Amino acid sequence: MRYKSLFLGLAAILAAMSGIYNWWPEQNPLRSPKSLLPERSQVQQIDGVFNEKEGWGFVRSRDGKGPEVTARQKALVQKYDALFLGDTGKKQVTLTFDMGYEKEGFTPRILDILAKYNVKGSFFVTTNWIEKNPEIVKRLVKEGHVLGNHTVRHKSLPTLSDGEVKEEITGWEEIAKQVVGNGIDFKYMRPPMGEYSERTLKITKELGYRTAFWSVAIKDWLPMGGPGEAVKGTVSQLHNGAVILLHGNSDDSVGGLEQIILSTREKGYKIVPINEI
């Protein structure tokens, strides 16, 4: 009985911690930075740059104080000019949406809502999504939204060679330009599943892109129990300079998007394009 009580106590502590820390298992698209990594001395270096695979994650923002990341994350973000947090001196946020190989159906509705409230968002999409939805791509660019690079095949970049990483990024740009023309300056790339290494951050920067992570996220790739849960989960994490990640195929996030915008503004936050965050 004593061991059973001890087990239940430990389970309760772990459950409480999971509500604070953005941690999910390997198969999920968002994970903790506290991954099980090899010792630094045992990690292979390529041209003097570490190539260990890491997953973007953070301790969630509470009471508007902003998320907490590790010292290593801060150093890499600064060194390679990656983005996960905007100007913390300004009460503003930006909305971003991820699309990979999901069945399309919600983006026109998202665009209608954004237009209704004069909000400019960022859409990180794969070439598969671009090729299947060229008219939607043209519409979102025409309406002033950012078309973001989410790679060709949605592969974990650290597992690829330098040449393959470059092809995932530049190959995406070639397909995007075939649809929207050459007049667009593509600047942002979001690594699939939030997986990166110092090497891939370096390559991304050398190709003229800025790696775009996030500072607010919810488990909206799974059913959340209704739009209200998506609204609550998003709004509860708001902070100055927040980069909000939503998934464009989520019933709950899309269903709650209008209220997310309204609640964000009610809290005094301005919603700005990613290049202004």
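Fair warning: this is a prediction, and the values are worked out from it, not measured in the lab.
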Residues forming a side chain to side chain donor-acceptor pair (under 3.5 Å) with [X], sequence neighbours excluded:
{"X": "Ser253", "result": "Asp220"}
{"X": "Thr96", "result": "Arg190"}
{"X": "Glu174", "result": "none"}
{"X": "Lys177", "result": "Glu173"}

Separation of [Y] [atom2] from [X] [atom1] (nearest 0.5 Å):
{"X": "His247", "Y": "Asp98", "atom1": "NE2", "atom2": "CG", "value": "5.0 Å"}
{"X": "Asn149", "Y": "Leu207", "atom1": "CG", "atom2": "CG", "value": "9.5 Å"}
{"X": "Ile244", "Y": "Gln237", "atom1": "CD1", "atom2": "CD", "value": "9.0 Å"}
{"X": "Leu246", "Y": "Asp252", "atom1": "CG", "atom2": "CG", "value": "11.0 Å"}
{"X": "Ser122", "Y": "Leu140", "atom1": "OG", "atom2": "CG", "value": "10.0 Å"}
{"X": "Ile203", "Y": "Met189", "atom1": "CD1", "atom2": "CE", "value": "9.5 Å"}

Item to complete: Could I get the full list of ring-ring contact (aromatic ring centres under 6.0 Å, His included) partners for Phe186, not counting sequence neighbours?
Response: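 If we apply the ring-ring contact (aromatic ring centres under 6.0 Å, His included) test to Phe186, skipping adjacent residues, the hits are Trp172.
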Fill in: Qualifying residues under ring-ring contact (aromatic ring centres under 6.0 Å, His included), relative to Phe123, sequence neighbours excluded
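Here the qualifying residues are Phe97, His145.
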For [X] against [Y], the heavy-atom pair lying closest together:
{"X": "Arg199", "Y": "Pro158", "answer": "NH2-O, 3.2 Å"}
{"X": "Gly89", "Y": "Asn240", "answer": "C-ND2, 4.2 Å"}
{"X": "Gly248", "Y": "Phe106", "answer": "O-CB, 3.3 Å"}
{"X": "Pro67", "Y": "Leu85", "answer": "CD-CD1, 4.5 Å"}

When you compare the side chain of [Y] with that of [X], does any pair of heavy atoms fall below 4.5 Å?
{"X": "Leu257", "Y": "Leu95", "result": "yes"}
{"X": "Tyr188", "Y": "Leu83", "result": "yes"}
{"X": "Trp129", "Y": "Ile136", "result": "yes"}
{"X": "Pro191", "Y": "Thr211", "result": "yes"}
{"X": "Lys53", "Y": "Thr200", "result": "no"}

Is there a donor-acceptor contact under 3.5 Å from the side chain of [X] to the main chain of [Y]?
{"X": "Thr94", "Y": "Val272", "answer": "yes"}
{"X": "Gln73", "Y": "Gly57", "answer": "yes"}
{"X": "Gln92", "Y": "Glu276", "answer": "yes"}
{"X": "Glu164", "Y": "Ser161", "answer": "yes"}
{"X": "Ser215", "Y": "Val243", "answer": "yes"}
{"X": "Thr159", "Y": "Ser156", "answer": "yes"}
{"X": "Glu168", "Y": "Arg153", "answer": "yes"}

Worksheet item: Is it true that Arg72 and Glu52 have a side-chain N and a carboxylate O under 4.0 angstrom from each other?
Response: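 Salt bridge present between Arg72 and Glu52.
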Fill in: Check against side chain to side chain contact (heavy atoms under 4.5 Å, CB included), Val180 and Lys142
CA-CA 9 Å; Val180 300; Lys142 182 179 179 180; over 6 Å; no
Which atom pairs, donor and acceptor, lie under 3.5 Å between side-chain atoms of residues 108-119 and protein residues at least two apart or in another chain?
from	atom 1	to	atom 2	distance (Å)
Asp112	OD1	Arg139	NH2	2.6
Lys116	NZ	Glu258	OE2	2.7
Tyr117	OH	Glu258	OE2	2.4

Practice prompt. Check the surroundings of atom CD in Glu206: do more than 12 heavy atoms from other residues, nucleotides or ligands lie under 6.0 Å from it?
Written response: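 Count over threshold, so yes.
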Discussion item. Is it true that, when you exclude Lys91 itself, more than 12 heavy atoms of the residues, nucleotides or ligands shown sit nearer than 6.0 Å to its NZ?
Written reply: yes
Discussion item. Per the ring pair (Phe, Tyr, Trp, His ring centres under 6.0 Å) rule, what does the pair list look like for residues 75-95, sequence neighbours excluded?
Written reply: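 Listed by first then second residue: Trp56-Phe84.
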Applying salt bridge (charged side-chain N to carboxylate O under 4.0 Å, His left out), can you list everything that pairs with [X], at least two apart in sequence or on another chain?
{"X": "Asp251", "result": "none"}
{"X": "Lys166", "result": "none"}
{"X": "Glu266", "result": "none"}
{"X": "Lys138", "result": "Glu135"}

Discussion item. Does Glu167 form a side chain to side chain contact (heavy atoms under 4.5 Å, CB included) with Thr170? I'd like the steps, not just the answer.
Written reply: CA-CA 5 Å; Glu167 177 56 32; Thr170 61; 4.1 Å; yes
